[in-house]
Protein chains: 2
Amino acid sequence: MTEQTPRWLSEEQTQAWIALASMMVWLPSALDDQLERDAGMTYVEYTVLSWLSMQPGRTSRMSDVASLANVSASHLTRIAIRLESRGWLTRRPDPNDGRATLATLTEAGWEKVVQTAPGHVEEVQQLVFDGLSAAQVRQLRVIGETVAKAARPGLCLPSPGPTD
Amino acid sequence: MTEQTPRWLSEEQTQAWIALASMMVWLPSALDDQLERDAGMTYVEYTVLSWLSMQPGRTSRMSDVASLANVSASHLTRIAIRLESRGWLTRRPDPNDGRATLATLTEAGWEKVVQTAPGHVEEVQQLVFDGLSAAQVRQLRVIGETVAKAARPGLCLPSPGPTD
DNA sequence: GGCAGTTGGTTGATGTGTCAACTAAACTGG
DNA sequence: CCAGTTTAGTTGACACATCAACCAACTGCC
């Protein structure tokens, strides 16, 4: 708690951190811009639609979507209201669990995803993969998985001894 | 414009993209949480203070800060108002250019950065570097720089021929 | 010098995200 | 079967971000 001189970053780490931070600032922003320009929606909205488009019945519980997209329940409610008002999504109570709400992609929502995905993927290709070798793609996958796992809350690495 | 079947992602690319997207969702969110908990500020606010702390005279033009942090001028104005109201920052017109505004870290702002940085760096260590080998740190740097450069608007890769 | 255009920054209106309080349905233990 | 608790989602109040309109200072040019 009162550590005064923690592990500072090495020169290599500093460079890597600057590069990573820079990527995390500019890449989402660029993808947001592309989606806003070409499809009139934000990255989070696209994530929701895209996820639903890959689910059986194009349907998923709100809470599942929320944890996938890392947004709070209330945030997802607002997003769903917007998507619903544009006719891309419908909501109805889950017949198997009256508490839950099922979100389903409409036909228009499906078509929107189908129209939007190619341009989005092309943007990812240009911004991410065009500059990387096959080896770097493999490296990126491993590094990304490692960091994502560490940063995901509630998924602490298995540590020896009791956690309580 | 009418490409109907663009370059789709290979299996390797898809895995890498999922990992990268996952990292870009969870890492900023985790860093935001840590700063909110330990220092009562957001990541953007910390970025601004941290940048100023490294500038000569702990001073920088608003427009320079804005482009560094990838926020709009108006957004930065609101951020600066908040930081000013907490006594961490002052603003005054640039004597050399009456249009510009210089933002300067106050002594309290400097101390806030000094107090906050160690915990933030420790969080970066734990979330990013503890899981990576030295080789992966080097790989991350190269990959991050490449992608960041590609995603940064207005910095198109040098292409042959006139751009105008 | 003076007017047109540009640049740097602020502000008002509006849209979006967040937090806490709330409702309703489903478990849980007597 | 009925309180007490947990879970899923919504809503109101508020904080924050965004967009367009704006103002002031500089720049270029005749």
Side-chain angles (χ1 to χ4, degrees), chain A residues 25 28-37 39-49 52 59-86 88-104 153-154, chain B residues 25 28-37 39-49 52 59-86 88-104 153-154:
Chain A
V25 165
S29 152
L31 294 172
D32 246 322
D33 285 354
Q34 182 268 326
L35 284 169
E36 193 62 54
R37 254 195 338 264
M41 67 176 97
T42 65
Y43 188 77
V44 185
E45 289 168 347
Y46 177 75
T47 303
V48 171
L49 295 185
L52 286 176
T59 296
S60 185
R61 287 172 54 140
M62 292 287 279
S63 51
D64 292 339
V65 180
S67 67
L68 176 276
N70 189 26
V71 296
S72 66
S74 71
H75 189 180
L76 181 59
T77 295
R78 317 286 186 176
I79 294 169
I81 289 171
R82 288 203 297 274
L83 296 176
E84 212 169 21
S85 76
R86 290 181 229 177
W88 294 334
L89 186 139
T90 56
R91 283 180 297 169
R92 67 199 150 92
D94 184 342
N96 297 117
D97 184 342
R99 296 168 300 181
T101 300
L102 297 177
T104 301
Chain B
V25 165
S29 151
L31 295 172
D32 246 324
D33 286 353
Q34 181 269 325
L35 284 170
E36 193 61 55
R37 257 195 334 266
M41 68 176 97
T42 65
Y43 189 75
V44 186
E45 289 169 347
Y46 177 75
T47 302
V48 171
L49 295 185
L52 287 177
T59 296
S60 186
R61 286 173 54 140
M62 292 286 280
S63 52
D64 293 339
V65 179
S67 67
L68 175 277
N70 191 27
V71 296
S72 67
S74 70
H75 189 181
L76 181 59
T77 295
R78 318 286 187 177
I79 294 170
I81 290 171
R82 287 201 300 273
L83 296 176
E84 211 168 22
S85 76
R86 291 180 228 176
W88 294 334
L89 185 140
T90 56
R91 283 180 297 169
R92 70 199 148 91
D94 184 341
N96 296 118
D97 183 343
R99 296 168 300 180
T101 300
L102 297 178
T104 301

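Heavy atoms only: backbone and side chains are in, while hydrogens, waters and symmetry mates are out. In what follows, chains carry the letters A, B, and so on, assigned in the order in which the sequence lines appear, proteins first and then strands, with residues in each chain numbered from 1.
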Of the nucleotides C:dA26, D:dT11, C:dT7, which one has an atom closest to the side chain of A:I81?
-> D:dT11

How would you label the contact of B:T77 with the nucleic acid (heavy atoms, under 4.0 Å): base, sugar-phosphate, or nothing?
-> base

Within the structure shown, what part of the strands sits under 4.0 Å from A:D97 by heavy-atom distance: base, sugar-phosphate, or nothing?
-> sugar-phosphate

Side chain of A:R78: nearest nucleotide among D:dA17, D:dA13, C:dG8?
-> D:dA13

A:T101, nearest nucleotide to its side chain (from D:dT10, D:dC19, C:dG8) | D:dT10

So, is A:R82 close to the C:dG17 phosphate, meaning a side-chain N or O under 4.0 Å from OP1 or OP2?
-> yes

Selected nucleotide, minimal atom distance to B:A100 side chain, candidates C:dG12, C:dA26, C:dG8 | C:dG8

Does A:R91 make a side-chain N or O approach to OP1 or OP2 of D:dT10 shorter than 4.0 Å?
-> yes

Taking the side chain of B:M62 as its heavy atoms from C-beta onward, which of C:dG8, D:dG9, C:dT10 lies nearest to it?
-> C:dT10

Separation of atom CZ in B:R99 from atom P in D:dT27, rounded to whole Å | 6 Å

Give one of base, sugar-phosphate or nothing for B:S74, where a contact means two heavy atoms less than 4.0 Å apart.
-> base

Give the rounded distance in Å between these two atoms: NE2 of A:H75 and P of C:dT18.
-> 6 Å

A:E84 side chain vs A:R91 backbone, donor-acceptor pair below 3.5 Å | yes

